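Since this is a predicted model, take the numbers as computed values, not measurements.
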Amino acid sequence: MKKIYFLLFVMGFYFPVKAQLSPETMFPKIPDIQSVCGMRMEDKDRYKAEIRDASKILDEELYARMKDRNANEKKYEQQAKANTAQQYGLSAADMAKMENMKNMSKEERDRTRREMANKMAENTGGITMNEVESIKGDTAAQRAWGQAYGTQKMAEASVDPQGAQKEQQKNKNTYELVSLQKKLVDSLNSAEGKYFRKFDELEQDPLIISLRKEIDSLRGEMNSLMGVDAGQGDEIEALFESVKSKSITYCGRFSSPYLDVLADYYHFVKASMPAWKRLQTINLRIAELQTGVKMQEKEGTLALECIQRYMKKLDDVDQYYLMPFDAEL
C-alpha cells in the first residue's frame with residue numbers, strides 16, 4: 001500500500017494538474033511594454049511572439065470558462081423555469097405550452113402570451129389582464145383595487161410574517177444591487193472608454209493618413225522600377241532611403257504616444273481588477289435573487305476579459321513599424 005501511495009505521489013510531479021488562471025497569475029505572464037521602433041525584424045518578431053503566447057494562455061482560459069458556462073446553462077434554465085412556475089402558480093402544462101411557443105403561428109403565440117400573462121397576474125395580484133385594461137384611466141377603480149390588494153397582502157403577511165419579511169428584504173436587496181450594478185458598470189465603462197477614445201483619436205490623426213499614403217506611393221514607385229535593368233539603380237536606392245527615412249519618422253512620431261496611452265491603460269487595468277470581480281459577484285447575486293438559481297462561476301472572469309482587451313492593444317504595438325532601422329536593399 002505504501003508503494004502505491006509513493007507511486008501516486010511521484011506521478012503527481014510528472015502529470016501536474018493545470019492550475020486555474022486568475023488575474024493575479026496572469027499579470028506576470030504579460031510582456032512589458034516596449035518600443036519596437038529601431039528593433040531588428042527578428043527582435044520585433046520575438047517580442048510579438050511573447051505577446052501572442054501570453055494571449056493564447058488567456059484566450060484558452062476564457063474559452064474553457066465559456067464552455068463551462070454553456071454546459072451549465074441548460075441546467076440553470078430548467079431550475080429558473082421551475083422557480084418561475086412555482087412563483088406564478090403555473091402548471092407543468094403551462095410551462096410546456098410556453099416552451100412550445102416557437103413552433104406556433106403568430107396568432108397562437110399572441111394568444112398564449114395573453115393567456116399566460118392573465119394567469120400570472122391573477123395568481124400573484126388577484127386581477128386579470130382584462131380587469132387591468134378595464135380600470136385604465138379609472139382612478140377610483142385603481143384605488144379600490146390597490147386597497148384590496150394591500151389588504152390581501154397584509155392578510156398573507158399575518159399568516160406568514162417571516163415569509164413576507166423575506167420577500168420584502170429580497171426586493172430591497174435586488175433594488176440596491178441593481179442600483180450598485182449600474183453605477184459600477186457606468187464607472188468602469190466610462191474609465192476604460194477614455195483609453196479607447198485616445199487610441200481612436202491617435203489612429204484618426206490626419207498626419208498618419210497623409211504620411212502613410214506618401215510612403216505607400218514611394219514604395220509603389222520603387223517597386224515599379226524593380227526588375228528592370230535600365231540603369232535606374234541610383235534612383236531605386238534614393239527611393240529606398242526616402243521610404244526608410246519616412247518610415248522611421250512615421251514610427252517614431254506615432255509609436256511614442258501610443259505607448260503612453262497603452263501604459264496608462266495598463267495601470268487602469270491592473271487597478272480595476274477588484275471592481276471587475278465585485279461586478280461579477282453582484283451580477284451572480286442579482287441573477288440568484290431574480291431566478292432563485294445559485295449559479296456557479298469561476299471568480300475573475302470579467303477581470304480576465306478586461307486583461308484580454310488590453311492584450312489586444314498590446315499586440316498592436318507594432319502597427320506603426322514599417323521597417324527596421326538597419327534595413328537594406
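- Considering all non-hydrogen atoms of both residues, I30 and M311 come closest at CG2-SD, 3.7 Å.
- By the 6.0 Å contact criterion, CZ on R278 is open, its count of non-hydrogen atoms from other residues, nucleotides or ligands being 12 or less.
- Remark: M273 CE to S22 OG distance equals 11.0 Å, nearest 0.5 Å.
- Proximity of K244 to I248: side-chain heavy atoms (C-beta onward) are separated by under 4.5 Å at one or more points.
- Other residues, nucleotides and ligands place more than 12 heavy atoms under 6.0 Å from the CD atom of E241.
- Atoms CG and CZ, on L322 and R219 in that order, are 5.5 Å from each other to the nearest 0.5 Å.
- With E221 contributing its side chain and L239 its backbone, the two residues share no donor-acceptor pair below 3.5 Å.
- Proximity of P31 to Y47: side-chain heavy atoms (C-beta onward) are separated by under 4.5 Å at one or more points.
- For S190 (side chain) and S187 (main-chain N/O), no donor-acceptor pair under 3.5 Å exists by modelled atom type.
- Proximity of K29 to L21: side-chain heavy atoms (C-beta onward) are separated by under 4.5 Å at one or more points.
- A salt bridge is absent between K183 and D186: the closest approach of a Lys/Arg side-chain nitrogen to an acidic carboxylate oxygen does not fall below 4.0 angstrom.
- Looking only at atom types and distance, the side chain of Q296 has no donor-acceptor partner in the side chain of N72 under 3.5 Å away.
- Between E299 and T281, every side-chain heavy-atom pair lies at or beyond the 4.5 Å cut-off.
- Remark: side-chain polar atoms of S245 are not paired, donor with acceptor, to backbone N or O of S242 under 3.5 angstrom.
- Of the residues listed (K56, K48, R309), the one engaging D315 in a salt bridge (Lys or Arg N to Asp or Glu O under 4.0 Å) is K48, and it is the only one.
- Residues M66 and L279 do not share a hydrophobic cluster, defined by chaining ILVMFWY side chains whose heavy atoms lie under 4.5 Å apart.
- The aromatic rings of F27 and Y266 sit perpendicular to each other, their planes meeting at more than 60°, with 30° as the lower class boundary.
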*Please lay out, stage by stage, how E214 and K246 fare under the test side chain to side chain contact (heavy atoms under 4.5 Å, CB included).*
CA-CA 9 Å; E214 190 176 349; K246 290 183 181 298; 2.9 Å; yes
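- A275 and L184 get closest at one heavy-atom pair: O-CD2, 3.8 Å.
- Once rounded to the nearest 0.5 Å, the distance linking CG of L62 with CE of M26 reads 9.5 Å.
- If you look at Y250 and F254, their ring centroids are closer than 6.0 Å.
- Here L302 contributes atom CG and I307 contributes atom CD1; the two are 11.5 Å apart, rounded to the nearest 0.5 Å.
- Atom CG in L177 sits 10.0 Å away from atom CG in N283 (nearest 0.5 Å).
- For the salt bridge (Lys or Arg N to Asp or Glu O under 4.0 Å) with K277, the lone residue among E24, E305, E297 that qualifies is E24.
- With respect to K213, the side-chain contact (heavy atoms from CB on, under 4.5 Å) criterion is satisfied by exactly one of D216, I209, L211: I209.
- Between the S210 side chain and the L207 main chain, a donor and an acceptor come within less than 3.5 Å of each other.
- Shown here for W276 and E192, the closest heavy-atom pair between the two residues is CZ2-OE1, 3.5 Å.
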*Show your working on salt bridge (charged side-chain N to carboxylate O under 4.0 Å, His left out) between R253 and D205 and close with a plain yes or no.*
CA-CA 11 Å; R253 167 67 178 79; D205 189 321; 3.6 Å; yes
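- Crowding of D200 atom CG: a count of heavy atoms from other residues, nucleotides or ligands under 6.0 Å exceeding 12.
- To the nearest 0.5 Å, atoms CG (N70) and NZ (K74) are separated by 12.5 Å.
- Side-chain contact check for M222 versus E235: every heavy-atom pair is 4.5 Å or farther apart.
- Pairing each heavy atom of P274 with each of A271, the nearest pair is CD-O, 3.4 Å.
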*With side chain to side chain contact (heavy atoms under 4.5 Å, CB included) as the test, would you mind laying out the steps for K298 and L304 before giving the verdict?*
CA-CA 11 Å; K298 290 181 181 177; L304 289 172; over 6 Å; no
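- Below 30°, between 30° and 60°, or above 60°: for F196 and Y265 the angle between ring planes is above 60°, a perpendicular geometry.
- For the pair S247 (side chain) and V243 (backbone), a donor-acceptor distance under 3.5 Å is present.
- In this structure the side chain of S256 never reaches within 4.5 angstrom of the side chain of S35, judged on heavy atoms.
- At a threshold of 4.5 Å between non-hydrogen side-chain atoms, the residues R285 and Q181 do not count as touching.
- Looking at every heavy atom in both residues, Y258 comes nearest to K313 through OH-O, 2.6 Å.
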_Show, in sequence, the C-alpha distance, side-chain angles and deciding distance for E203 and Q319, and conclude whether the side chain to side chain contact (heavy atoms under 4.5 Å, CB included) test is met._
CA-CA 10 Å; E203 290 163 13; Q319 63 180 305; 4.0 Å; yes
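- Across all non-hydrogen atoms, the minimal contact from P23 to A303 is CG-CB, 3.6 Å.
- Using a 30° and 60° split on the angle between ring planes, Y195 and F268 fall in the tilted class, from 30° to 60°.
- Looking at V261 and L202, their side chains never come closer than 4.5 Å, going by heavy atoms from C-beta outward.
- Considering D318, L314, D316 in turn, L314 is the only one that fulfils the side-chain contact (heavy atoms from CB on, under 4.5 Å) rule with I51.
- Taking the charged nitrogens against the carboxylate oxygens, R65 and E61 do have a contact shorter than 4.0 Å, which makes a salt bridge.
- Salt-bridge check for K198 with E201: failed, with every basic side-chain N at 4.0 Å or more from each acidic carboxylate O.
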*Audit row: Y310, L262, side chain to side chain contact (heavy atoms under 4.5 Å, CB included) steps and yes/no*: CA-CA 8 Å; Y310 167 77; L262 191 62; 3.7 Å; yes
